[in-house]
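One structure is given below, represented as structure tokens, and several questions about it will come after.
Throughout, a chain's letter reflects where its sequence line sits, starting with A, and its residues are numbered from 1. Side chains are part of it too, since the values below use all heavy atoms of this structure and drop only hydrogens, waters and symmetry mates.
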Amino acid sequence: MADGDGRDHRDPERTQAVYDEIADHFAETRAYPWPEVEAFLDGVDGAGVALDIGCGNGRHTALLADCAERAVGFDISRELLATASGRMAEDGWRADLLQGDAATLPLRSECVDVAVYVATVHHLPDRESRVASLRELARVLDGRALVSAWSTAHDRFEAHGGSEPEGFDTTVDWTLPGGETVERFYHIYAPEEFEADLRAAGLSVAEAFVSSGNCYAEVSA
Amino acid sequence: MQEDLLDILCCPLDKHDLELEATERDEEEILTGTLTCTECGEAYPIEDGIPNLLPPDMREESPA
């Protein structure tokens, strides 16, 4: 499948362009942190470095800024990072923002005490790059992380599911206020497959669960 | 970005140290500059205070 520019819809550069395009509207609709992330961070205090991979508008980076000396918001989309920067100025918290690709983190090994990597790894184009990205998380992590991805258990994917659902690739439209739709690539994870990819990346899974149609796992390196 | 962010940053390609060249500062913040890998020599721009550490093949050459 290719878009008008002839780019494959899985191409990370296309994902980058899509989020650059929808950034303002996307950020507006992502006002609140997820309760699963709040629960994970409950009790975390005094961390050195906290990392938010796929930080988007920074709704979870703001929580990290509260419990760590240094919070880092990392995203592929410069336009989304600009929304995070605006939110930071408005709400009075501070984080370092970085643009990069989740498959090759520009951070030193074992420098991160706590990380959230939510609703992002499912945008990476194939299993190889998803596991490579999780391996990068394992490399930089010297503490705990919460990872999430969209799950086959979500109501939306019932037609694909059944009692033993398998993960699959799909595209999901984002509809802009003017009615224009933009396709985003997703790999929808079966819960067993999600855990298998985490383990293949060298992460230890302390706890895995499905919540609100997402696979979650608390991991350490 | 703040200068001490360099303590945790590295080249996304070979994970070696980066060298900072700041061209515009606002007190502690570096607004514009370049981060250059001390090993492979790849240069990464800092624009509007945000380092762009995308691998070079994913970097847009001109702003949208």
Side-chain angles (χ1 to χ4, degrees), chain A residues 7 11-21 23 48-51 55 58 68-86 88-89 94-113 115 125 129 132-133 136 139-142, chain B:
Chain A
R7 276 184 187 157
D11 187 342
E13 287 179 62
R14 183 171 187 283
T15 296
Q16 182 187 357
V18 164
Y19 276 105
D20 279 346
E21 183 178 352
V49 175
L51 173 65
C55 67
E69 271 173 51
R70 159 162 264 148
V72 177
F74 182 86
D75 206 282
I76 196 172
S77 161
R78 182 153 281 262
E79 296 300 322
L80 275 178
L81 288 167
T83 69
S85 183
M88 216 188 316
R94 196 193 175 282
D96 290 289
L97 301 177
L98 284 180
Q99 185 181 15
D101 176 18
T104 55
L105 295 178
L107 293 167
R108 295 190 189 184
S109 300
E110 296 173 38
C111 74
V112 174
D113 299 301
S129 57
S133 175
E136 279 284 85
R139 180 181 65 78
V140 303
L141 191 62
D142 185 29
Chain B
M1 67 166 265
Q2 293 192 326
E3 190 156 352
D4 66 357
L5 186 65
L6 273 180
D7 295 346
I8 60 167
L9 290 185
C10 67
C11 176
L13 299 178
D14 59 24
K15 316 301 181 191
H16 280 87
D17 292 354
L18 297 168
E19 201 171 77
L20 170 71
E21 193 196 332
T23 49
E24 190 188 355
R25 287 177 188 260
D26 179 13
E27 295 177 7
E28 297 287 288
E29 288 280 320
I30 293 143
L31 298 178
T32 314
T34 309
L35 295 164
T36 306
C37 178
T38 54
E39 179 71 17
C40 70
E42 187 61 46
Y44 302 91
I46 305 166
E47 289 160 5
D48 302 321
I50 301 176
N52 179 350
L53 288 155
L54 283 167
D57 62 345
M58 290 177 68
R59 200 187 302 150
E60 285 178 45
E61 290 309 318
S62 55

Select, from G100(A), S109(A), A82(A), the one with the greatest count of heavy-atom pairs under 4.5 Å involving chain B.
->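 Top option by heavy-atom pairs under 4.5 Å: G100(A).
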
Just wondering, do L54(B) and Q16(A) contact through their side chains at under 4.5 Å, heavy atoms?
->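 Yes, close enough: below the 4.5 Å cut-off.
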
Validation row: M1(B), L98(A) side chains within 4.5 angstrom (heavy atoms) |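 Result no, sub-4.5 Å side-chain heavy-atom pair not found.
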
Mind ranking E136(A), R139(A), Q99(A) by heavy-atom pairs under 4.5 Å with chain B and telling me who comes out on top?
->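 Highest number of pairs under 4.5 Å: Q99(A).
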
Closest approach of L105(A) and C10(B), non-hydrogen atoms and distance?
->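 Shortest heavy-atom separation between L105(A) and C10(B) comes out as O-SG, 4.4 Å.
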
Side chain / backbone / both / neither for E47(B) at chain A, heavy atoms under 4.5 Å |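 Both parts, heavy atoms under 4.5 Å.
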
Considering non-hydrogen atoms only, spot the tightest contact between E13(A) and D57(B) and give its length.
->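 The pair with the smallest heavy-atom distance is OE2-O, 3.1 Å.
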
Any M58(B) side-chain heavy atom under 4.5 Å of I76(A) side chain |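 Touching, per the 4.5 Å side-chain cut-off.
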
Compare all side-chain heavy atoms of I8(B) with those of V72(A) and state whether any distance is below 4.5 angstrom.
->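 I8(B) vs V72(A): side chains touch.
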
Mind checking whether L13(B) and T104(A) have side chains closer than 4.5 Å, heavy atoms only?
->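 With C-beta onward as the side chain, the pair stays apart.
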
Answer yes or no: are there more than 12 heavy-atom neighbours, outside E19(B) itself, under 6.0 Å from its atom CD?
->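 Count not over threshold, so no.
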
R108(A) vs D7(B) side-chain heavy atoms within contact, under 4.5 Å |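 Answer no - side chains too far apart.
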
What part of D96(A) lies closer than 4.5 angstrom to a heavy atom of chain B: side chain, backbone, both or neither?
->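 Just the side chain, heavy atoms under 4.5 Å.
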
